[in-house]
Colleague: 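Could you have a look at this structure, given as structure tokens, before my questions?
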Amino acid sequence: MGELNIYLSAVVFSGILSLVLSIFAIYKISASPGGFYFILATLFTALYAFAHTFRLSSSSFEDIQSWLNVEYIFIPFIPLFILFMCVRYVGLKIPSWLFQMLCVLPVVTVLMKQTSHLHSYFYASVSLDNGGPFAVLDLVPGPWFYVHSIFIFFCLLCSVLILLRQLQNVSSKYRVPTLIMAAGICIPILSGILHIFNIQPTGLDLAPVFLAVSFLFHGFALVMFPFFLVAPIARDRVFENMKEPVIVLNKSDMIIDFTRPMQKLVPGLSDDSIGKAADIVLADSPYFLKIIYQEKEEDFTWETEDTNYHFNPRFSSIYDRNNKDVGKIVTLIDVTARVEIEKELKELATIDSLTMLLNKAAFIERANEANRTLSRKGGYVSMIMFDIDFFKEVNDTFGHEAGDRALRNVALTARDNLRASDIIGRFGGEEFIICLPNVPLKTAVKIAENLRRKIAESSISIKDQSVSVTSSFGVASTYTAAGTLPPPLCPIAEQADQALYKAKSRGRNCVQSNLQLAPSRQTEKKRNLF
């Protein structure tokens with residue numbers, strides 16, 4: 001009886017273990033691929049183990065037979081549920097006719113067993129053997145018993161093959177849990193082999209213990225690897241081939257999955273990141289982490305060592321079968337091409353197409369921005385207005401195409417002789433304007449004089465004839481104290497414009513500053529420049 005008690009304890013423990021796994025699965029994976037059949041398989045195994053315990057504890061022939069009948073209410077369905085679990089896990093779909101046929105066989109087995117005393121198709125004979133340390137049934141298999149046994153091996157073997165076949169098509173993060181599942185299914189196959197060759201102890205059925213150990217493997221995979229909490233393997237193949245950076249998070253912002261393009265953006269992202277908190281794995285990408293938490297679908301720039309990408313994040317909620325929000329999918333749509341085009345269009349909208357300098361509106365915006373920046377530290381800001389002398393004569397003599405070439409030559413010469421921080425634009429017609437941040441009047445006059453000389457020295461070839469032009473310059477300047485409101489640029493530009501008129505009245509091809517203006521000239525009516 002000591003041997004029986006040890007075995008009974010093992011079976012009871014196996015039943016409790018299977019029941020605990022079933023309850024755990026109800027709360028954790030009931031809506032996940034294969035989760036429903038995992039629950040049914042573990043529950044039926046627990047009930048089978050408990051019925052087997054009562055059968056071994058019984059002494060009368062009638063009680064032992066009754067509990068054996070109870071066992072066979074659950075036994076035929078366990079391998080079928082394991083098969084369905086694996087099929088759902090890999091994302092396959094069983095045709096409805098095959099599904100119905102597979103479900104019919106266990107039902108027929110249950111009916112055959114319950115009515116076996118009438119036809120002997122399941123067991124040819126059943127008798128009580130009291131020759132051992134405890135009473136057991138002496139069972140002689142009938143024809144349907146062999147059909148039942150073949151069906152069990154068919155389901156379990158197909159389950160293993162389905163899992164192993166997928167190993168070559170999945171990413172490494174799915175291989176370990178898949179192998180654990182396959183190894184767990186091999187355990188009840190081993191139990192069946194031992195039973196067929198009568199290697200197990202006389203009268204004892206080791207199947208409940210082996211099944212419990214099998215589901216212990218599945219339970220380990222379930223706890224250690226979130227394989228029931230991610231997409232099934234068939235979806236994984238699609239997921240892995242996605243070109244967009246995608247990351248999947250659960251409600252606790254733990255990383256569930258990601259695509260290869262996302263891994264390229266976040267070098268620290270690896271298979272080991274699955275199951276870890278996003279704020280830990282994405283610690284080196286704080287801006288992206290902020291976007292994930294705020295869920296703002298607005299363009300942002302991702303800077304890398306090689307290049308900069310522009311993305312528009314999209315957020316999709318994940319719902320289970322009960323319509324419960326269980327996580328979210330973050331997809332980064334690459335909008336780099338659109339952003340670059342918009343940037344180019346914006347730049348084109350600010351550029352004068354003939355001279356490739358800033359147009360009037362863009363110049364005013366840039367100059368005001370530079371003026372506001374300068375006012376924080378204080379300093380001078382100077383303005384230069386200049387135009388081409390006798391430009392109408394160039395057009396009348398050589399034609400408008402030649403005039404356009406002359407304009408481009410003057411613009412290019414002026415731009416190439418300014419600092420990168422200086423701002424130059426075409427103000428209209430043959431007139432140009434320059435803003436010189438942090439440049440006092442004396443220096444601005446020298447810059448204007450240098451530009452005047454460079455323009456006069458340059459020339460263009462028109463009809464085999466060298467043509468050069470001159471320009472007149474007006475310069476004005478003002479000072480901004482640190483921390484004060486910047487003075488408006490319009491009065492400075494007006495003073496530079498008045499100085500330009502003074503230069504023209506002096507014979508052109510010269511530079512005049514606002515300090516050289518006569519008081520009467522400074523009070524004359526000014527044109528609206530800005």
Side-chain angles (χ1 to χ4, degrees), residues 14-15 17-49 72-110 148 151-166 170 174 177-189 191-192 207-208 210-223 225-236 320-322 326:
S14 302
L17 178 61
S18 298
L19 185 61
V20 168
L21 286 173
S22 180
I23 295 172
F24 177 80
I26 290 174
Y27 287 98
K28 293 294 183 180
I29 63 168
S30 59
S32 302
F36 175 71
Y37 294 109
F38 179 86
I39 294 169
L40 291 179
T42 50
L43 177 61
F44 274 45
T45 299
L47 297 175
Y48 162 41
Y72 270 93
I73 295 176
F74 309 109
I75 291 174
F77 292 97
I78 295 173
L80 182 65
F81 293 151
I82 292 175
L83 175 61
F84 289 164
M85 176 184 71
C86 295
V87 169
R88 288 288 294 120
Y89 173 63
V90 301
L92 298 178
K93 186 177 181 181
I94 299 178
S96 57
W97 64 268
L98 180 58
F99 181 87
Q100 294 171 4
M101 187 178 74
L102 291 173
C103 291
V104 165
L105 286 173
V107 174
V108 174
T109 298
V110 172
H148 162 65
F151 177 73
I152 290 177
F153 278 100
F154 169 80
C155 290
L156 296 178
L157 186 61
C158 286
S159 300
V160 174
L161 294 177
I162 287 172
L163 293 174
L164 295 180
R165 185 184 177 188
Q166 305 301 323
V170 299
Y174 287 95
T178 303
L179 283 172
I180 291 177
M181 287 182 67
I185 297 171
C186 289
I187 294 175
I189 295 177
S191 171
F210 276 73
L211 281 170
V213 175
S214 170
F215 291 121
L216 191 61
F217 272 68
H218 299 160
F220 174 75
L222 184 143
V223 173
F225 304 93
F227 69 98
F228 270 121
L229 304 179
V230 297
I233 293 176
R235 296 178 190 174
D236 172 57
D320 61 15
R321 294 179 180 176
N322 299 320
V326 295

Colleague: What distance separates Ile162 CD1 from Met85 CE, expressed to the nearest 0.5 Å?
Modeller: 10.5 Å
Colleague: Of all residues at least two apart in sequence or in a different chain, which pass the ring-ring contact (aromatic ring centres under 6.0 Å, His included) check with Phe154?
Modeller: none
Colleague: Which atom pair, heavy atoms only, marks the closest approach of Ser159 to Leu83?
Modeller: OG-CA, 3.1 Å
Colleague: Side chain of Ser22, backbone of Ile39: donor and acceptor closer than 3.5 Å?
Modeller: yes
Colleague: For Phe99 together with Phe84, are the ring centres under 6.0 Å from each other?
Modeller: yes
Colleague: Give the minimum heavy-atom separation between Pro76 and Phe151, together with the two atoms involved.
Modeller: O-CE2, 3.9 Å
Colleague: Got a second to check how far Leu43's CG is from Ile26's CD1, nearest 0.5 Å?
Modeller: 7.0 Å
Colleague: Distance from Thr42 atom OG1 to Tyr37 atom OH, nearest 0.5 Å?
Modeller: 14.0 Å
Colleague: For a quick test of reading the model, state the closest non-hydrogen atom pair linking Ile185 to Val160 and the distance between them.
Modeller: CG2-CG2, 3.5 Å
Colleague: In Å and rounded to the nearest 0.5 Å, what is the CZ to CG distance from Phe77 to Leu105?
Modeller: 10.0 Å
Colleague: Once you round to the nearest 0.5 Å, how far does CZ of Phe81 lie from CZ of Phe38?
Modeller: 13.5 Å
Colleague: Any idea which heavy atoms bring Ala49 and Gly15 closest together, and the distance?
Modeller: CB-CA, 3.7 Å
Colleague: Using 0.5 Å steps for rounding, measure from the CD1 atom of Ile82 to the CG atom of Leu40.
Modeller: 11.5 Å
Colleague: Identify the heavy atoms of Ala182 and Leu164 that sit nearest to each other, and give their distance.
Modeller: CB-CD2, 4.1 Å
